[in-house]
Amino acid sequence: MFQKIANVLSIVSFLMVASMSGGAYIGYRYVTSEQFKGKIMNEILGNVQGLMPKILDNNLPEITGPTIPEFKQPKI
C-alpha cells in the first residue's frame, strides 16, 4: 500500500516540476522576445509623453537671455 502511495506522489511531483520548468522556459522566451520589448517601450513612451507637457509648462521660463555672453572688443 505504501509503495502505491509513494509512486503516485512521485508521479505528481514529476508533473509539477515539469510544468514549472516548462512555464519558466516559456516565460523567459516571452520576456526576451521583440514583441515584449516593443510592448513595454510603447507603454513607457505613452506614460512619458503624457507627463512631458505638464513638466515643460511648469519648468520653462517665460523669457530667456542671450545664449552666448557678448564680450566687448578691446580698442587698439
Side-chain angles (χ1 to χ4, degrees):
M1 180 68 179
F2 180 75
Q3 185 69 31
K4 289 182 181 181
I5 294 173
N7 287 340
V8 169
L9 290 177
S10 175
I11 291 170
V12 169
S13 175
F14 171 76
L15 292 175
M16 286 175 52
V17 168
S19 65
M20 288 173 59
S21 298
Y25 176 74
I26 291 171
Y28 173 77
R29 292 290 303 235
Y30 177 68
V31 168
T32 58
S33 69
E34 290 296 322
Q35 178 186 4
F36 181 75
K37 290 178 188 176
K39 184 177 179 181
I40 294 298
M41 286 299 289
N42 287 338
E43 183 72 27
I44 291 171
L45 291 176
N47 290 338
V48 169
Q49 287 174 350
L51 296 174
M52 287 304 287
K54 296 174 187 173
I55 292 171
L56 292 176
D57 290 340
N58 293 337
N59 292 330
L60 289 179
E62 295 295 324
I63 301 173
T64 61
T67 57
I68 299 175
E70 297 177 11
F71 296 105
K72 293 182 180 180
Q73 297 290 331
K75 293 184 181 183
I76 302 177

**Prompt:** Counting only N and O atoms by type, is there a donor-acceptor contact under 3.5 Å from the side chain of S13 to the main-chain atoms of S10?
**Reply:** no

**Prompt:** What pairs with L9 under side-chain contact (heavy atoms from CB on, under 4.5 Å), at least two apart in sequence or on another chain?
**Reply:** I5

Without placing hydrogens or testing angles, list every side-chain donor-acceptor pair under 3.5 Å for residues 20-27, not counting sequence neighbours.
residue: S21; atom: OG; partner: V17; partner atom: O; Å: 2.9
residue: Y25; atom: OH; partner: R29; partner atom: NH1; Å: 3.3

With a 3.5 Å cut-off and sequence neighbours excluded, list the donor-acceptor pairs that the side chains of residues 35-43 form with protein atoms.
residue: N42; atom: ND2; partner: G38; partner atom: O; Å: 3.3

**Fill in**
Separation between OG (S19) and CZ (F14), nearest 0.5 Å, reads 10.0 Å

